[in-house]
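Structure record follows, encoded as structure tokens.
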Number of protein chains: 2
Amino acid sequence: MNKKDAGELSGVKEIARRAGVSAATVDRVIHKRKGVSDKTRDRINAIIAELNYQPNLHAQRLASRKVVHIATFIPESSDETSFWEGPLKGIEDAEAEVMQYSVKLHKFFYNQDNRKSFVKQAKAILKMKPDGILLAPSFMEESVDFITACDAAGIPYVFMDSDIPGRNNLSYIGPDLYQSGFLAAHLVSYLLREHDKVLIVNISKEIDTDHHLLRKEEGFRAYYKEHGQEHIIIKRDIHRLDHASIEAGIAKALERHTDIRVIFVTNSRVSAVAAYVQRLPHKVILIGYDFLKENIDYLHSRTIDFLICQKPLQQAYKGVMALYQHIAFNTPLDKINYMPIDIITKENYASYEM
Amino acid sequence: MNKKDAGELSGVKEIARRAGVSAATVDRVIHKRKGVSDKTRDRINAIIAELNYQPNLHAQRLASRKVVHIATFIPESSDETSFWEGPLKGIEDAEAEVMQYSVKLHKFFYNQDNRKSFVKQAKAILKMKPDGILLAPSFMEESVDFITACDAAGIPYVFMDSDIPGRNNLSYIGPDLYQSGFLAAHLVSYLLREHDKVLIVNISKEIDTDHHLLRKEEGFRAYYKEHGQEHIIIKRDIHRLDHASIEAGIAKALERHTDIRVIFVTNSRVSAVAAYVQRLPHKVILIGYDFLKENIDYLHSRTIDFLICQKPLQQAYKGVMALYQHIAFNTPLDKINYMPIDIITKENYASYEM
DNA sequence: CTGAAAGCGCTTACAG
DNA sequence: CTGAAAGCGCTTACAG
């Protein structure tokens, strides 16, 4: 490593010198704080532009004695599904990377089957007045109430995992559900022989309001509509999550339609279907969602053939980082940030980066 | 944002106070510089361990007036293939992110069809004595000579894109070629009907020594060996890169084996095969490698069905960053860092992160 | 509306 | 082998 070229003034000091003001005033302009005359401001901005000045982030963070408080608000991991362990890990990774830099994360959780738990925690978040919030807005109505309160309190927020369009969120970071269904349909099209049928299975307690599953189903159907083949699709909604109910639902469908060759489960509950399918005398191709331990086990034993996955860990990681960048350095964020749609198989899961 | 809790001394100063020495001495111990008595060193190390001290990277980079010089050494993008534009972009991204922090990148390129260009540039790199090198070691012998010289000069290096096992590289960042071939074989197994055959096509000037392609073919064959089906594989090596030669090679194979339903091209030259296949009266499923514009166009028109891709941009980006972290902060690196094996289709390419 | 001075947590010469 | 002092490029009170 060599020494840096000994140089003249640069950065804030150089700007101050050229403008004939102090560094403090330049700082005020850079951070758009008030208390600077328009004339001085314009002069300084012109010099900043001319010099194409880029602040030294190290110096910035070091000198700033501020602590940024970020609240995260996601479902807790339940016995039913470990899906949210991924995002939680992403949040913790971001925390570890960023903590030493005067950031404090406050993690809040709600129960996905309990709207009241959401409302209660939401209240607690508003009370602590964080500098920003990362939110997975599962319950539509309650989420809208919450972000309306955030807007009023001037607290910026980022959505992850699912979007609520037309709101003041800084950003949405998560899957393109429709497109992932479309991708699944394309994949399935290679797997079907003539006269074969595909079974779509939605498994959720509240399918009426569950946008996730419906958007995926729409995407899936769109593919076959495009090819004039919607008739090959059979569909079942299963409203109970216990294995017996799920198995009964699948069994009935397979009984009625003996030509079903592929089952597409629109969420991570595919492992419950796999538990049944593996006992069948003939092979049924199984496609589902999400990198969960149960699912990977079935992928490994080739009962599940493909899993579609959208980087649950990275979603949350990016969400925290984006908020931090925005709050600490005023970085602009993209309003929509779709995660890649990954196809996981037995061969590539080991190197999958969540 | 709230104020930080007003605190006592911390960091280097607190360690110095407890050890009864100056900050400069603590600094010497942290960076394992010599000129400290064993006794003092042990005392300081004990305190560091006790406090679980983590240095503030911002302060570290800010205070250090060193410039880190990193050389990158990859093939130039040619008319034949734009593959190396991806890694170059990755290098430039890393540069943009890290430049302001006193890092200087020096980009060297060689012609993939010209060993002499490699040797010449390698000499130039050794002459400038960088602090670290990111190397894509295409030519085996020449690369070994080069890294032997680097070892002698004490210059650390990281491999990307292809590995040379058993060397002193800090790290390898790139694909798991064997496993990607195995994945391709699994994918193909879904696409073959009874009595169908699959054609493996290697296209390269020097296939004898081209480890890339052979490792992929091995992985591919391993899958069918496991299933006792090696007989369904037909194989062609094509040693010329012009479209006419490639088309002639494919045409001959298809003529001889009318039951070929899938063609697996072991590298990015799949677009040349696509140009021929799209003119055939019947559909042939086509699988190849790499996110190149030509390939994506054929993916879009459904002539190419799947592309396997291993994050060319990210490989190079990670390589530069890893070197930087190692040189500037002494961060330990993983010896092997396989990139995810991604399956690209018409539906998910738009959101693919290279 | 503006500036002088101190300080963030480190590292770097320099002197002894 | 060790330390005092200055400095990296910013931001923060405080004073005017």
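Each chain gets a letter, A, B and so on, in the order its sequence line appears, and its residues count up from 1.
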Using side chain to side chain contact (heavy atoms under 4.5 Å, CB included) as the criterion, list what pairs up with [X], not counting sequence neighbours.
X	answer
B:Asn45	B:Val29, B:Arg41, B:Ile48
A:Asp145	none
B:Tyr352	B:Phe291, B:Cys309, B:Lys311, B:Asp342, B:Ile344, B:Met354
A:Gln121	A:Phe73, A:Phe108

For this session: Using a cut-off of strictly less than 4.0 Å, decide whether B:Arg61 has a side-chain nitrogen or oxygen near OP1 or OP2 of D:dG9.
Result: no

All side chain to side chain donor-acceptor pair (under 3.5 Å) counterparts of [X], not counting sequence neighbours:
X	result
A:His31	none
B:Arg18	B:Glu14
B:Asp161	none
A:Glu85	none

Mind listing the N/O atom pairs, protein and nucleotides 3-7 of chain C, below 3.5 Å?
residue, atom, partner, partner atom, Å
C:dG3, OP2, A:Ser22, N, 2.9
C:dG3, OP2, A:Ser22, OG, 3.3
C:dG3, OP2, A:Thr25, OG1, 2.9
C:dG3, N7, A:Arg28, NH1, 3.4
C:dG3, O6, A:Arg28, NH2, 2.4

Problem set entry | Set of salt bridge (charged side-chain N to carboxylate O under 4.0 Å, His left out) partners for A:Lys318, sequence neighbours left out | B:Glu353

Exercise. Given pairs defined as Watson-Crick or G-U wobble with both distances under 3.5 Å, what dot-bracket annotation applies to DNA chain C, with ( ) intrastrand, [ ] crossing, | other strand and . unpaired?
Worked result: |||.||||||||.|||

Seminar exercise, completed: Note: contacts of residues 36-50 of chain B with DNA chain D (heavy atom, under 4.0 Å) are B:Val36, B:Ser37, B:Thr40

